[in-house]
Protein chains: 2
Amino acid sequence: MTQAQTDPQPRKMSRDTRRAQLIEATIETLALRGYARTTLTEVARTAGLSHGLVNFHFDTKEKLLSETLALLAEEYRLNWQAYLERAGADPAAQLAALLLADFDPAICTPARLSAWCSFWGEAQSRPLYQAQCGANDAAYNACIAEICGQLLEQGRYEGDPARVARVLRVTIQGVWLDMITTTPDYTIEEGLATIHACAAAFFPRHFCAAGLIP
Amino acid sequence: MTQAQTDPQPRKMSRDTRRAQLIEATIETLALRGYARTTLTEVARTAGLSHGLVNFHFDTKEKLLSETLALLAEEYRLNWQAYLERAGADPAAQLAALLLADFDPAICTPARLSAWCSFWGEAQSRPLYQAQCGANDAAYNACIAEICGQLLEQGRYEGDPARVARVLRVTIQGVWLDMITTTPDYTIEEGLATIHACAAAFFPRHFCAAGLIP
DNA sequence: AGATTTTGACTGGTCTGTCAATCAAAAACG
DNA sequence: CGTTTTTGATTGACAGACCAGTCAAAATCT
């Protein structure tokens, strides 16, 4: 977060450090003010820097926003892939890991959720969204569909893998949206419970309201 | 849609007609350009009018957007309540009606979905969203939770009514988001099939992939 | 000293909201 | 019924504010 205002920050920092700092400030500003009122001056002030620096490091506002979205997409991808890797080979455990991943406290913060929502809401940024997230989204979809397919087969459940996978995915997205738009007090636990209820409906012998059945 | 540009529109029209016309143009503009790039001039041009008229009829841009959201919220509420009324007293039929309602071609248009998304994404408009939609959302939630409760009991299903209801609701929202953000070609039928798959998972003796079981 | 980062004033452009003038329909009048 | 007046919708030019991007100068580092 901002160590702004009263800081004797080292004047010169590595390019990457400054860029990361500005991107983080962009996420915060998107969350706090929304896409429409996110100005370079506001981003710079949140980072405790002057607005000229934004153009120095990113050339244009568009590139700043583009790289912000790229960062969000990349950290999202790394997160679920890490969870998946730790889950082993069992499809039920893999699915449980994927569901947990999206509620990891590093990913599922108010600021990041709001920032995502800002990008979704901005029609202008939809081609940008496709460019930055299309490949990742496709990989995620293929992955969760594959896992659901295995689990359906293993548990002799009925259902179309692609549709079950899509329900799980959009339920997560819908819960995310809920966490942003509804009045405060929607905890990560409640979000997880909702998605686990959904998983339990499709895979009652593998999931319950509390999550994966051991 | 716009009969703009080449029109010999009657010069004087009723206040309400013009206001409705401008609100419709606002929805289109939000969908096409996003919240951030929605300007009064653009709205007016879409409506085939001069931009001075917007301020004449709505005073400020903020009020225009506020009334646009109010219209969306109201037509949404009227729609699901009408579906519900036609459904009779059976909870399964009521739930089927609620699910269908959100994919009614009058509600579920690209422009309207995008406009909703614009409002969700704009942090600034979140208090406005609560003010305009909070009561409606609460009524909807209470309604679908009640119906799910009845259906759970009637069918001797297991599950928490509030959570089942929330899964269904956020799945609809998630599908809506999908229909906007993913590359084209996501039909209403596919959306309905997804939500029906979800309902079938919770209520397998009442719903199947094709919808309500007769 | 030379290289690089950082600042903040400045510019050109865009947007919102205002307003005086215009215009068409309705009302009042002869 | 034709003419004039009134009403109120409509227009487009304009002012004030704000913002992205530029740049010369300053600060800092090597």
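To find a chain, count down the sequence lines: A is the first, B the second, and so on, and within it residues start at 1.
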A:Arg18 side chain near C:dT5 phosphate (N/O to OP1/OP2, under 4.0 Å):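 No, A:Arg18 has no side-chain N/O under 4.0 Å of OP1/OP2 on C:dT5.
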
NA contact type, A:Leu53, heavy-atom cut-off 4.0 Å: base, sugar-phosphate, or nothing?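 Base, at least one base atom sits under 4.0 Å.
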
Using a cut-off of 4.0 Å on non-hydrogen atoms, how would the nucleic acid contact of B:Ser50 be classed: base, sugar-phosphate, or nothing?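 If one applies the 4.0 Å heavy-atom cut-off, B:Ser50 turns out to touch a base.
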
If only atom types and distance count, is the side chain of A:Glu75 paired as donor or acceptor with the main-chain N or O of A:Ile107 below 3.5 Å?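 A pair under 3.5 Å: no.
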
Is there a donor-acceptor contact under 3.5 Å from the side chain of A:Gln132 to the main chain of A:Ser66?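 Yes, the answer is positive, given that a donor and an acceptor are paired below the 3.5 Å cut-off.
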
Would you mind reading off the distance between [X] atom [atom1] and [N] atom [atom2], rounded to a whole angstrom?
X: B:Gln21; N: D:dT10; atom1: CD; atom2: C1'; answer: 12 Å
X: B:Lys61; N: C:dG17; atom1: NZ; atom2: P; answer: 8 Å
X: B:Phe58; N: C:dT16; atom1: CZ; atom2: P; answer: 15 Å
X: A:His57; N: C:dT7; atom1: NE2; atom2: C1'; answer: 12 Å
X: A:Leu22; N: C:dT7; atom1: CG; atom2: P; answer: 10 Å
X: A:Arg37; N: D:dC18; atom1: CZ; atom2: P; answer: 11 Å
X: B:His51; N: D:dC14; atom1: NE2; atom2: P; answer: 13 Å
X: A:Leu49; N: D:dA27; atom1: CG; atom2: P; answer: 17 Å

A:Thr60 side chain, from C-beta outward: closest of D:dC19, D:dG21, C:dT5: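 For A:Thr60, the side-chain atoms sit closest to D:dG21.
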
Which listed nucleotide (D:dC19, D:dG21, C:dT16) is nearest to the side chain of A:Thr39?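 Of D:dC19, D:dG21, C:dT16, D:dC19 is nearest to the side chain of A:Thr39.
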
Relative to each other, are the rings of B:Trp176 and B:Trp120 parallel, tilted or perpendicular (30° and 60° limits)?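 Parallel, since the angle between the ring planes stays under 30°.
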
How do A:Glu62 and B:Gly52 order along DNA chain D: which one's closest nucleotide is nearer the 5' end?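 On the 5' side of the pair lies B:Gly52.
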
Test A:Asn141 against every option in A:Arg166, A:Glu146, A:Arg169 by the side-chain hydrogen bond (donor to acceptor under 3.5 Å, both in side chains) rule and name the one that passes.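 Output: one option passes, namely A:Arg169.
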
